[in-house]
Amino acid sequence: MIEKELKTTIQIFDDINELPLSIQNLMKSAFEARDNAYAPYSKFKVGAALILDTGEVVTGNNQENASFPSGLCAERTAIYAAGANYPKAIIKAMAISATSEKHDVLEPIAPCGACRQAIAEYEQKQEQPIEIYFTGTAGKVIKVDALLDILPLAFNNKFL
Ligand code: THU
């Protein structure tokens with residue numbers, strides 16, 4: 001038996017003003033997308049914004065459904081929109097923000113496991129990492145240099 005340690009580095013920013021200007025703007029797009037989320041059931045609104053190598057910004061937000069499992073998270077709505085509309089573009093970064101009508105969201109909200117798996121697919125497809133920035137309603141922002149940094153031992157197409 002061998003034991004192996006898996007390490008991840010994250011960067012924590014006090015607020016969005018500490019981010020590069022292009023990422024501040026991307027986060028503002030995520031805020032706007034978040035506010036347009038359709039979340040009548042959970043009241044938890046999430047927005048995601050992607051920037052492509054072409055400079056184009058693609059956004060998404062969570063879309064809920066009376067049949068709960070039919071809804072979709074913001075991150076997947078955004079990344080599938082990018083995949084559908086800009087299939088040849090390289091996705092450089094994703095910004096994510098969440099807010100709730102029920103309580104303050106003071107901590108950065110990390111993407112769920114299913115969204116990490118979906119984003120990982122595009123890192124693999126484009127053979128380039130996607131920077132991920134996530135926050136709550138405002139305040140601290142966490143950055144990882146690549147999605148795979150927060151999905152160790154990911155399932156991938158080499159297994160197929
Ligand atoms: N949600 C997202 O949009 N992204 C995540 O990473 C986690 C959760 C949405 C799904 C659902 O509409 C609401 O947040 C509550 O789970």
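Just so you know, ligand 1 is whichever comes first in the structure, and atom 1 is the first atom listed for that ligand.
Taking atom 4 (N) of ligand 1 as the reference point, the nearest protein heavy-atom neighbour is Glu75 OE1, 2.8 Å. Summary of contacts: the protein heavy atom closest to atom 8 (C) of ligand 1 is Cys73 SG, 3.9 Å. Nearest protein heavy-atom contact of atom 9 (C) of ligand 1 is Asn62 ND2, 3.5 Å. Protein heavy atom nearest atom 3 (O) of ligand 1, with residue, atom name and distance: Ala74 N, 2.9 Å. Given atom 16 (O) of ligand 1, the protein heavy atom at minimum distance is Phe44 CD2, 4.8 Å.
Near Glu64, meaning under 4.0 Å from any of its heavy atoms, are these atoms of ligand 1: 11 (C), 12 (O), 13 (C).
With 3.5 Å as the limit, one finds a donor-acceptor pair spanning the side chains of Asn61 and Gln63. Checking Glu64 against Ser42 by side-chain atom types alone, a donor-acceptor pair falls below 3.5 Å.
Residues Arg34 and Ile96 have side chains not in contact (no heavy-atom distance under 4.5 Å, counting atoms from C-beta outward). A heavy-atom distance below 4.5 Å is found between the side chains of Pro111 and Phe134.
When only interatomic distances are considered, the shortest N/O to N/O separation between Val46 and ligand 1 does not fall below 3.5 Å.
In terms of modelled atom types and a separation under 3.5 Å, the side chain of Glu131 and the main chain of Lys143 share no donor-acceptor contact. A distance-only check finds a donor-acceptor pair linking the side chain of Glu123 to the backbone of Leu148 [under 3.5 Å].
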Margin query: One pair to check against side-chain contact (heavy atoms from CB on, under 4.5 Å): Glu75 and Met94. What are the steps and the verdict?
Written below: CA-CA 8 Å; Glu75 297 90 328; Met94 176 186 278; 4.0 Å; yes
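Distances from atom 12 (O) of ligand 1 to the protein include at least one heavy-atom value under 4.0 Å.
Ligand 1 lies within reach of Pro111, whose nearest heavy atom is under 4.0 Å from it.
Looking at Ser42 against ligand 1, only its side chain comes within 4.0 Å, counting heavy atoms.
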